[in-house]
A.B. asks: 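Structure below; questions to follow.
When reading the values below, keep in mind they use all heavy atoms of this one structure, side chains included, and skip hydrogens, waters and symmetry mates.
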Amino acid sequence: QVQLLESGGGLVQPGGSLRLSCAASGSIFSINTMAWYRQPPGKERQLVADITSGGSTTYQDSVKGRFVISRDNEKKTVWLQMNSLKPDDTALYYCHADIVPDYFRTSRNYWGQGTQVTVSS
């Protein structure tokens with residue numbers, strides 16, 4: 001079946017950078033909007049950034065100017081480049097995508113397994 005596989009999380013000092021990657025695989029007809037969410041410990045999951053199939057992007061105010069979301073439709077992959085990281089960026093980061101599977105032809109939500117990002121001295 002369709003799945004999203006994440007990678008790129010880790011431990012980094014304040015001011016550092018990380019790049020998260022999320023690749024979709026399986027029997028896919030098309031992929032609509034892809035996004036990154038994060039969930040800090042003890043808090044609700046929140047949208048960080050999203051990108052449409054045409055490349056239009058939106059960002060949470062707290063990450064504007066620091067994070068960049070991008071995608072490659074041929075590779076079926078979305079990235080989140082995170083720069084100037086702060087301790088309050090620490091969270092479990094989740095990839096999300098609206099995907100139309102082959103022979104189903106109705107979009108549905110898919111989530112990655114989550115990857116931990118920790119920003120600490």
A.B. asks: Considering all heavy atoms of both residues, which atom of Leu20 and which atom of Trp36 are nearest to each other, and what is their separation?
C.D. replies: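 Minimum heavy-atom contact is CB-CH2, 3.6 Å.
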A.B. asks: Show which residues join Leu92 in its hydrophobic cluster (side-chain heavy-atom contacts under 4.5 Å, direct or indirect), or state none.
C.D. replies: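 Leu92 clusters with Tyr37, Leu47, Tyr94, Trp111.
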A.B. asks: Verify, without hydrogens or angle tests, whether Thr90 (side chain) and Val119 (backbone) share a donor-acceptor contact under 3.5 angstrom.
C.D. replies: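 Flag set: sc Thr90 to bb Val119 pair under 3.5 Å.
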A.B. asks: Are Val68 and Trp79 side-chain neighbours, meaning at least one heavy-atom pair lies under 4.5 Å?
C.D. replies: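 No, their side chains stay 4.5 Å or more apart.
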A.B. asks: Any idea which heavy atoms bring Ser17 and Val12 closest together, and the distance?
C.D. replies: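 Ser17 and Val12 have their closest heavy atoms at N-CG2, 4.0 Å.
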A.B. asks: How long is the gap from OG on Ser25 to CD on Gln3, to the nearest 0.5 Å?
C.D. replies: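 Those atoms lie 4.0 Å apart.
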A.B. asks: If I compare all heavy atoms of Val2 with all of Pro101, which pair ends up nearest, and what's the gap?
C.D. replies: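 Minimum heavy-atom separation between Val2 and Pro101: CG2-CB, 4.4 Å.
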A.B. asks: Could you measure the distance from the CZ atom of Arg38 to the OG atom of Ser62? Nearest 0.5 Å is fine.
C.D. replies: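 The OG atom of Ser62 is 4.5 Å from CZ of Arg38, to the nearest 0.5 Å.
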A.B. asks: If you take all heavy atoms of Pro40 and Ala91, which pair is closest and at what distance?
C.D. replies: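 Pro40 and Ala91 have their closest heavy atoms at N-CB, 3.6 Å.
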A.B. asks: Please determine whether a side-chain nitrogen of the Lys or Arg among Lys64 and Asp61 lies less than 4.0 Å from a carboxylate oxygen of the Asp or Glu.
C.D. replies: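 Between Asp61 and Lys64 there is a salt bridge, with a charged N closer than 4.0 Å to a carboxylate O.
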A.B. asks: State whether the side chain of Arg71 and the backbone N or O of Thr33 hold a donor-acceptor pair below 3.5 Å, judged by distance alone.
C.D. replies: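 Side chain of Arg71 to backbone of Thr33, a donor-acceptor pair under 3.5 Å: no, none is there.
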A.B. asks: Which is it for Asp89 and Arg66 under the side-chain contact (heavy atoms from CB on, under 4.5 Å) test, yes or no, and what are the steps along the way?
C.D. replies: CA-CA 11 Å; Asp89 292 319; Arg66 299 190 298 122; 2.8 Å; yes
A.B. asks: Can you tell me how far the CD1 atom of Ile99 sits from the OG atom of Ser107, to the nearest 0.5 Å?
C.D. replies: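 That separation rounds to 10.0 Å.
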A.B. asks: Ignoring hydrogens, what is the shortest heavy-atom contact between Ala49 and Leu80? Give both atom names and the distance.
C.D. replies: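 In terms of heavy atoms, the two residues are closest at CB-CD1, 4.4 Å.
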A.B. asks: To the nearest 0.5 Å, how far apart are CG in Asp98 and CZ in Arg108?
C.D. replies: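 With rounding to 0.5 Å, CG (Asp98) is 11.5 Å from CZ (Arg108).
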A.B. asks: Donor-acceptor pair, Asn109 side chain versus His96 backbone, under 3.5 Å?
C.D. replies: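 Checking the backbone N and O of His96 against the side chain of Asn109, no donor-acceptor pair under 3.5 Å is found.
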A.B. asks: Please examine the side chains of Thr77 and Ser21, heavy atoms only from C-beta on, and report whether any two atoms are closer than 4.5 Å.
C.D. replies: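 Yes, at least one pair of side-chain atoms sits under 4.5 Å.
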A.B. asks: So, for Ser53 and Ile31, which heavy atoms are closest and what is the spacing to 0.1 Å?
C.D. replies: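 Minimum heavy-atom contact is CB-O, 3.8 Å.
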A.B. asks: Starting at OH of Tyr110, measure out to CD1 of Ile28 and round the result to the nearest 0.5 Å.
C.D. replies: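 CD1 of Ile28 is found 8.0 Å from OH of Tyr110.
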A.B. asks: Treating Ile, Leu, Val, Met, Phe, Trp and Tyr as nodes and any side-chain heavy-atom pair under 4.5 angstrom as an edge, say whether Tyr93 and Tyr59 lie in one connected cluster.
C.D. replies: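 They do share one cluster, since a chain of ILVMFWY contacts under 4.5 Å joins Tyr93 to Tyr59.
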A.B. asks: Can you measure from OG1 (Thr106) to CZ (Phe29) and round to the nearest 0.5 angstrom?
C.D. replies: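 Reported to 0.5 Å precision, the distance equals 11.0 Å.
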A.B. asks: Kindly say whether Arg19 contributes a backbone atom to a donor-acceptor pair with the side chain of Gln81 at under 3.5 angstrom?
C.D. replies: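 No: the side chain of Gln81 does not pair with the backbone of Arg19.
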